[in-house]
K.L.:
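After the structure tokens below, expect a handful of questions from me.
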Amino acid sequence: MNIRPKPAEPGRIRYTQVYKYILDRIHRGDWKAHDKLPSVRELAGELQLHRLTVFRAYGLLKEQGYIYVKEKSGYYVSGGRPYTDPAEPEDASNTRSNLTTGGAGGTTFNALARHGTGHLQNTLSEIHQIPAVYSFSQALIDPNLLPNLFLSDHVKQVFDRYPKLLGTYSSVQGDEELRELLCADMQRKDKLQVSCDELLITTGGQQAIDLLAGVFLRPMDYVLVERPTYSSALDCFRQRGARLLPVEIHRDGYDLDLVEGYMKRHKPRMFYMNPTFHNPTGFIVPASQRKRLVELAERYGCLIVEDDAVHDVYFDAPPPPPLYSYDTEGWVVYLRTFSKYLAPGLRICAVAARAAVMAPLLTAKSLADNGTPLVNQKLFQHCFESERLQQHLEKLRTALQIRRDVMEQALAAGTGWQWYRPQGGLNLWVRLPEGLSSNQLLTEGVRRGLTFVPGTICDPLGEMDDRIRLSFSFKNEAQIREGVHLLVQLADELARGG
């Protein structure tokens, strides 16, 4: 089994795609009236294209009145838009298809060249679908740790309270009672300045990421992403044709000089981050950096998407306040998954965003499913507002910490395994013994009923073949000991050439 991202089919960038890219940036205000545009050489270098391709795109924009030329100076944005929409460029229908589906004329930039955009891809989901006795790929909580009887008792109470629950839809934005409840909880616990109108309920965090990508990303846009990061988000951004700018995440956060340099030079549309019990490393970005990141986002016009899936799963001390708590200008969108540690099957995520971001998100949500199922929202609301929830959370943290410790003890029985001890979350990010390949190890593991997440799919560059993500949350202590023992045994066999 080879899950390393496959190279894209060789393709050719059409000048019409570059035309649309430039035009889109003008419409967005990246280049304003009478701003000087990059030279043909500069833009060709930035986009990794032949200069003739950029020259033809500039020629078409000039012909249609969007830009003009100053002799011996270069290209400039026109003072006003043409009175009518420009005629469709040659091959425009093919261009639109290729930008969307990555056909024969699809892009060939560094990140896309490794993965392609010719078909829908979610490598993590493919791994999850593999039958396994020891599934360490699932960053889910063992159902046996969830308050199942408590939830069952509440189902009838919810239908008694709302007898017509199955006979209606939720509003697109989400049930108002639930949004008010979650809003009050975030204000009280996290000191977030958020109103009910600034919350959107989505069907899980994955849908929220997809909606944001659909609304704010266009082909060839830059997106800052952590290295490593949540692989399904990477697949989502690639499918939109975005170009990924990797930012290494460390125990003490990011290199903020590098982040600012990327923002200044490339004007990324978005920075997708998971700063709290980071997936997959478990790192926590310190509060001092969080405030600075928001300042950079405001200065350079980069939308921060803060994915906070396991905020309440901490072992020692609660994490720092979210970046959203520092945001006053609307440059942070906060994704808070609540149902993962209570009832994952309900798929409840709250998206906090200011009005300018919320408006297009609501339109996108209406087109996606017209609202998260009301039954799910009401069941979750009834459980979330109960006193039993806090008792459950305290017990859950203890149980997960024990499972983390058991996995670490089992790994320590091997030789050459290295990892960071997370203070919360669901995963260990592990460096393999020298010379081993995560993809090769996974192939052998699948044959023996064992799965994990290889580092290659978490890496926007498709590298990190010496790393794996092991989730300690889905299996019990005995299964963790047995499964990790098998993993260590397989690694020893591969190291010996067996």
Side-chain angles (χ1 to χ4, degrees), residues 8 10-69 74-78 81-82 85-113 115-118 212-225 236-245 262-271 300-303 360:
R12 178 170 61 89
I13 298 295
R14 290 187 172 92
Y15 76 95
T16 48
Q17 291 174 262
V18 182
Y19 159 91
K20 287 181 175 290
Y21 167 73
I22 298 169
L23 190 59
D24 189 52
R25 291 196 62 178
I26 291 173
H27 285 161
R28 287 179 173 181
D30 291 346
W31 294 316
K32 298 179 174 59
H34 305 297
D35 279 355
K36 184 177 181 180
L37 295 168
S39 69
V40 170
R41 181 189 297 272
E42 289 170 341
L43 192 57
E46 178 186 338
L47 301 181
Q48 302 178 23
L49 301 176
H50 194 283
R51 277 178 280 175
L52 182 59
T53 304
V54 176
F55 179 76
R56 293 186 68 189
Y58 273 158
L60 184 58
L61 288 162
K62 176 177 176 293
E63 179 183 323
Q64 294 179 342
Y66 279 94
I67 67 176
Y68 62 93
V69 177
Y75 294 95
Y76 291 80
V77 179
S78 295
R81 295 182 182 178
D85 289 335
E88 282 289 320
E90 178 185 356
D91 293 334
S93 60
N94 290 335
T95 299
R96 184 182 300 111
S97 173
N98 289 329
L99 285 172
T100 305
T101 64
T107 54
T108 57
F109 301 109
N110 286 341
L112 299 183
H115 299 269
T117 57
L212 286 160
V215 169
F216 293 104
L217 295 183
R218 297 293 179 268
M220 299 169 68
D221 278 348
Y222 282 110
V223 177
L224 288 169
V225 293
C236 181
F237 301 146
R238 291 185 183 111
Q239 187 60 33
R240 302 291 178 180
R243 291 177 288 169
L244 307 180
L245 292 171
Y262 276 157
M263 288 185 177
K264 186 182 299 184
R265 178 181 177 186
H266 297 292
K267 299 295 189 292
R269 307 306 307 177
M270 184 182 294
F271 187 172
Y300 296 104
C302 176
L303 186 69

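These values consider heavy atoms only, across backbone and side chains, with no hydrogens, waters or symmetry-generated copies.
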K.L.:
Under the ring pair (Phe, Tyr, Trp, His ring centres under 6.0 Å) rule, collect the residues that match up with Tyr262, sequence neighbours excluded.
P.N.:
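Partners of Tyr262 under the ring pair (Phe, Tyr, Trp, His ring centres under 6.0 Å) test: His266.
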K.L.:
Val18 and side chain to side chain contact (heavy atoms under 4.5 Å, CB included): which partner among Leu61, Leu60, Leu23, Leu49?
P.N.:
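Among Leu61, Leu60, Leu23, Leu49, the one that satisfies the side chain to side chain contact (heavy atoms under 4.5 Å, CB included) with Val18 is Leu49.
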K.L.:
Applying side-chain hydrogen bond (donor to acceptor under 3.5 Å, both in side chains), can you list everything that pairs with Tyr222, at least two apart in sequence or on another chain?
P.N.:
Arg243
K.L.:
Can you list the residues that meet the side-chain hydrogen bond (donor to acceptor under 3.5 Å, both in side chains) rule with Arg269, with sequence neighbours excluded?
P.N.:
Asp30
K.L.:
Can you list everything that forms a ring pair (Phe, Tyr, Trp, His ring centres under 6.0 Å) with Phe216? Sequence neighbours excluded, please.
P.N.:
none
K.L.:
Which atoms form the tightest heavy-atom contact between Met270 and Cys302, and what is the distance?
P.N.:
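What the structure gives for the nearest pair is C-SG, 3.6 Å.
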K.L.:
If I take atom SG from residue Cys236 and atom CG from residue Leu217, how far apart are they, to the nearest 0.5 angstrom?
P.N.:
8.0 Å
K.L.:
Write down the atom of Ser78, the atom of Gly65, and the distance for their closest heavy-atom approach.
P.N.:
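Looking at all heavy atoms of both residues, the closest pair is OG-O, 2.8 Å.
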K.L.:
Verify side-chain contact (heavy atoms from CB on, under 4.5 Å) between Val40 and Tyr75, making sure each step is shown before the conclusion.
P.N.:
CA-CA 9 Å; Val40 170; Tyr75 294 95; 4.0 Å; yes
K.L.:
Of all heavy-atom pairs between Ala44 and Arg51, which one has the smallest distance, and what is that distance?
P.N.:
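Nearest pair, atom of Ala44 first, then Arg51: CB-CG, 3.7 Å.
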K.L.:
Counting distance only, does the side-chain N/O of Lys32 pair as donor-acceptor with the main-chain N or O of Gly29 below 3.5 Å?
P.N.:
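Confirmed, Lys32 side chain pairs with Gly29 backbone.
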K.L.:
Search all heavy atoms of Leu52 against all heavy atoms of His50 and return the closest pair with its distance.
P.N.:
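Closest pair (atom of Leu52, atom of His50, distance): N-ND1, 3.0 Å.
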K.L.:
More than 12 foreign heavy atoms under 6.0 Å from OH of Tyr300: is that the case here?
P.N.:
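Counting other residues, nucleotides and ligands, OH of Tyr300 exceeds 12 neighbours.
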K.L.:
Would you give the length of the straight line joining atom OG1 of Thr53 to atom CG of Leu43, rounded to the nearest 0.5 angstrom?
P.N.:
10.5 Å
K.L.:
Does any non-hydrogen side-chain atom of Ile22 lie less than 4.5 Å from one of Tyr58?
P.N.:
yes
K.L.:
Are Trp31 and Ile67 close enough that some pair of their side-chain heavy atoms sits under 4.5 Å apart?
P.N.:
no
K.L.:
State which residues pass salt bridge (Lys or Arg N to Asp or Glu O under 4.0 Å) with Asp35; sequence neighbours excluded, sorted by chain then number.
P.N.:
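Counting only residues at least two positions away or on another chain, Asp35 forms no salt bridge (Lys or Arg N to Asp or Glu O under 4.0 Å).
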K.L.:
List the residues meeting ring pair (Phe, Tyr, Trp, His ring centres under 6.0 Å) with Tyr68, not counting sequence neighbours, and say none if there are none.
P.N.:
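Ring pair (Phe, Tyr, Trp, His ring centres under 6.0 Å) list for Tyr68, sorted by chain: His34, Tyr76.
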K.L.:
Is it the case that over 12 heavy atoms from other parts of the model lie below 6.0 angstrom from the NZ atom of Lys62?
P.N.:
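No, NZ of Lys62 has 12 or fewer neighbouring heavy atoms, counting only those of other groups under 6.0 Å.
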K.L.:
Could you please spell out the steps behind the side-chain contact (heavy atoms from CB on, under 4.5 Å) verdict for Leu47 and Tyr21?
P.N.:
CA-CA 10 Å; Leu47 301 181; Tyr21 167 73; 3.9 Å; yes
K.L.:
How many angstroms lie between CE in Met263 and CG in Leu245, if you round to the nearest 0.5 Å?
P.N.:
10.0 Å
